[in-house]
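Each ligand, and each atom within it, is numbered from 1 in the order the structure gives.
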Amino acid sequence: MKNGRRSVAIASDHAGVEMKRHLLQAMEGWGYAVEDLGPRTADSVDYPDYAEAVALRVSGGQADVGVLVCGTGIGMSIAANKFSGVRAALLYDDFAAKYARLHNDANVAVFGARTMTEEAATARLGIFLAESFEKGRHERRVKKIVRIEKRLGQQA
Ligand code: RB5
């Protein structure tokens with residue numbers, strides 16, 4: 001939270017830079033405190049660097065939610081999910097956007113700029129941000145993910 005507003009960290013690679021701009025504007029309009037972690041131009045970059053920047057903010061608690069955009073959303077999802085406490089979900093439709101929050105307590109929304117329109121991504125982000133974790137039986141399952149992370153962390 002920043003000044004009573006939910007905080008969001010957003011980043012993309014070169015393929016997602018335009019969609020990032022669009023999503024950032026939408027979230028500012030909805031009242032979120034959004035930190036843009038880049039890039040600023042469409043020059044070629046490597047998506048893991050930007051996934052790491054957002055994932056560290058979410059993992060460390062400096063951001064409540066993360067948003068990532070690359071060409072397909074797949075590279076960003078793979079990279080962000082390496083970080084402890086990060087549950088990144090590729091929001092390929094509205095149903096996934098809703099249930100990623102309700103059932104998986106996802107905290108990073110991922111989009112593919114080459115696989116979906118800006119309008120569809122914006123609508124899915126709105127759904128994602130509006131929903132909350134349902135807990136109940138789903139909490140037991142998410143806790144099992146946390147336990148896996150702890151075990152793997154001890155092995156590393
Ligand atoms: C970049 O060309 C592309 O590989 C990247 O945006 C993404 O789709 C990776 O998953």
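Residues His138 and Asn104 are not in side-chain contact: their nearest non-hydrogen atoms beyond the backbone lie 4.5 Å or more apart.
Between the side chain of Asn107 and the backbone N or O of Gly85, at least one donor-acceptor pair lies under 3.5 Å. Checking side-chain atoms of Asp13 against main-chain N and O of Asp46 turns up no donor-acceptor pair under 3.5 Å. Remark: side-chain polar atoms of Asp64 are not paired, donor with acceptor, to backbone N or O of Arg6 under 3.5 angstrom. Between the side chain of Asn81 and the main chain of Ser77, a donor-acceptor pair closer than 3.5 Å is present. Arg124 places a side-chain N or O within 3.5 Å of a backbone atom of Tyr92 that can act as its donor or acceptor partner.
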Ligand 1 N/O to protein N/O, distances under 3.5 Å:
residue	atom	partner	partner atom	Å
ligand 1	2 (O)	Arg114	NH1	3.3
ligand 1	6 (O)	Asp13	OD2	2.5
ligand 1	6 (O)	Gly71	N	2.7
ligand 1	8 (O)	Gly71	N	3.2
ligand 1	8 (O)	Thr72	N	3.0
ligand 1	8 (O)	Thr72	OG1	3.3
ligand 1	10 (O)	Thr72	OG1	3.4
ligand 1	10 (O)	Gly75	N	2.9

